[in-house]
Amino acid sequence: EMEMTSSTSPKDARSVTNNDYISASKAQEKKVFYIAKEIMTSEKTYVDVIEGIRVDRGWSVRHFITNQENDSCEYTDALVLVSDIQIDHINDIQNVVESCWKTKKPLLIIGNIGEQVKAVLAKNKIQNGLKVCHIPPPDFGRRSKELLGDIAHAVGATYFSEESGDNLELMVEKDLGRVAKFVSTQDETIMVTTGAVDTDERVEQLKAQREKTSTKREKDFLSKRIA
């Protein structure tokens, strides 16, 4: 069974025993459209151009690394949780974490999570085969929320927002987005989208908003979101 408790920090996760269940006690865890090029070599070399997302944030804990050679966390056919709500208790996301563990689906969490939650996730990745990675949200303040909204739209996720009064404990698997693949390093994360979500309309809305904006800083930020 998965473990939902941890008295250790992520760096001590390897020393934890495997006797508890990953069910935390109630007393206690840019979007920028990017073209990824994947080169396959056989008799010829092919370059496949794929629509994706690049975020200027990488894995938060080294225990999430799956590729030791590149110091990266890499998964295919992954689910994506997007939220601006601070996650300090594993109970907040227990439903979706356990669902992903049972179905063996990789889970990428984009948002702010506490150190204890990181420790619980790292512990279960190491000891129980949980396929998981966490990255902090891009940017800060209002801009961070707008970028998180862009990411959620691009991957087909329900964006759980503090301003909307959303409750993470009510999140289920259908609220998660999906990517064909993601690669997270210490400095950045690239998600290859599935192509199931049409982003053209949102891009046009951002372009129209940019045309109406008078400040250079805001125009630059909108251009960043459109790029």
Side-chain angles (χ1 to χ4, degrees), residues 10 30-38 49-76 78-87 93 106-115 117-118 121-122 125 131-163 176-195 197 199 202-203 205-207 209-210 213 215-227:
K30 119 185 160 187
K31 173 232 167 221
V32 174
F33 278 106
Y34 170 87
I35 300 301
K37 294 183 179 179
E38 299 195 343
V49 180
I50 305 169
E51 185 178 86
I53 307 162
R54 178 179 173 275
V55 182
D56 292 332
R57 294 289 187 272
W59 45 256
S60 60
V61 177
R62 290 193 62 85
H63 287 294
F64 294 142
I65 291 174
T66 59
N67 186 327
Q68 299 296 331
E69 183 177 348
N70 298 327
D71 272 356
S72 61
C73 177
E74 305 177 14
Y75 288 110
T76 57
L79 300 176
V80 187
L81 185 162
V82 186
S83 176
D84 64 29
I85 302 171
Q86 177 69 29
I87 304 170
I93 56 173
L107 174 64
L108 173 62
I109 301 172
I110 307 175
N112 288 310
I113 67 175
E115 292 302 314
V117 178
K118 292 178 189 177
L121 294 173
K125 189 259 184 186
K131 299 176 180 179
V132 67
C133 183
H134 163 256
I135 67 172
D139 220 304
F140 303 95
R142 176 185 63 83
R143 294 189 173 200
S144 177
K145 293 177 181 180
E146 290 179 353
L147 290 170
L148 285 172
D150 290 341
I151 293 171
H153 178 81
V155 301
T158 300
Y159 176 33
F160 274 64
S161 169
E162 186 173 23
E163 289 182 0
L176 303 174
R178 185 182 297 271
V179 292
K181 178 180 181 179
F182 76 84
V183 178
S184 183
T185 65
Q186 188 172 6
D187 302 312
E188 68 176 14
T189 300
I190 294 173
M191 291 170 270
V192 179
T193 54
T194 62
V197 179
T199 59
R202 191 176 184 92
V203 169
Q205 290 174 348
L206 291 173
K207 286 181 178 178
Q209 189 177 340
R210 182 177 60 182
T213 301
T215 66
K216 181 179 184 303
R217 183 180 180 187
E218 190 63 21
K219 280 183 180 290
D220 290 345
F221 178 60
L222 288 166
S223 295
K224 179 181 177 181
R225 293 174 65 188
I226 294 167

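The backbone N or O of Val183 sits nowhere less than 3.5 Å from a side-chain atom of Ser72 that would complete a donor-acceptor pair. Between the Lys125 side chain and the Ile65 main chain, a donor and an acceptor come within less than 3.5 Å of each other. Side chain of Asp84 to backbone of Glu162: a donor-acceptor contact under 3.5 angstrom is found.
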Just do the side chain to side chain contact (heavy atoms under 4.5 Å, CB included) check on Leu108 and Val155 with the steps written out, would you? CA-CA 11 Å; Leu108 173 62; Val155 301; over 6 Å; no
Let's go through Val55 and Met191 carefully: what are the C-alpha distance in whole Å and the side-chain angles of both, what is the deciding distance for side chain to side chain contact (heavy atoms under 4.5 Å, CB included) to 0.1 Å, and is it a yes or a no? CA-CA 8 Å; Val55 182; Met191 291 170 270; 3.6 Å; yes
Could you give me the CA-CA distance, side-chain angles and deciding distance for Phe182 and Glu74, then say whether side chain to side chain contact (heavy atoms under 4.5 Å, CB included) is met? CA-CA 6 Å; Phe182 76 84; Glu74 305 177 14; over 6 Å; no
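The line from CD1 of Ile110 to CG of Leu147 is 11.0 Å long, rounded to the nearest 0.5 Å. Atom CD1 in Ile93 sits 9.5 Å away from atom OG in Ser83 (nearest 0.5 Å). One finds the OG1 atom of Thr66 at 5.5 Å from the OH atom of Tyr75 (value rounded to the nearest 0.5 Å). How far OG1 of Thr189 is from CD1 of Ile135: 3.5 Å, rounded to the nearest 0.5 Å. With values rounded to the nearest 0.5 angstrom, Arg178 atom CZ is found 13.0 Å from Thr193 atom OG1. The structure places CG of Leu81 at 5.5 Å from CG of Leu176, a figure rounded to the nearest 0.5 Å.
Scanning all heavy atoms of the two residues, the minimum distance from Cys133 to Cys73 falls at CB-SG, 3.5 Å. Nearest heavy-atom pair across Thr194 and Ala180 is CG2-N, 3.6 Å. Minimum heavy-atom separation, Gly58 to Pro136: O-CD, 3.4 Å. Among all heavy-atom pairs drawn from His134 and Gly111, the shortest one is NE2-O, 2.6 Å. A pairwise comparison of heavy atoms in Pro137 and Asn112 identifies CD-OD1, 3.3 Å as the closest pair. Minimum interatomic distance between Val132 and Leu121 (heavy atoms only, all atoms of both residues): CG1-O, 3.9 Å.
Of the N and O atoms on the side chains of Glu163 and Ser161, not one donor lies less than 3.5 Å from an acceptor on the other residue.
Taking Arg57 as the reference, nothing meets the salt bridge (charged side-chain N to carboxylate O under 4.0 Å, His left out) condition, with sequence neighbours excluded.
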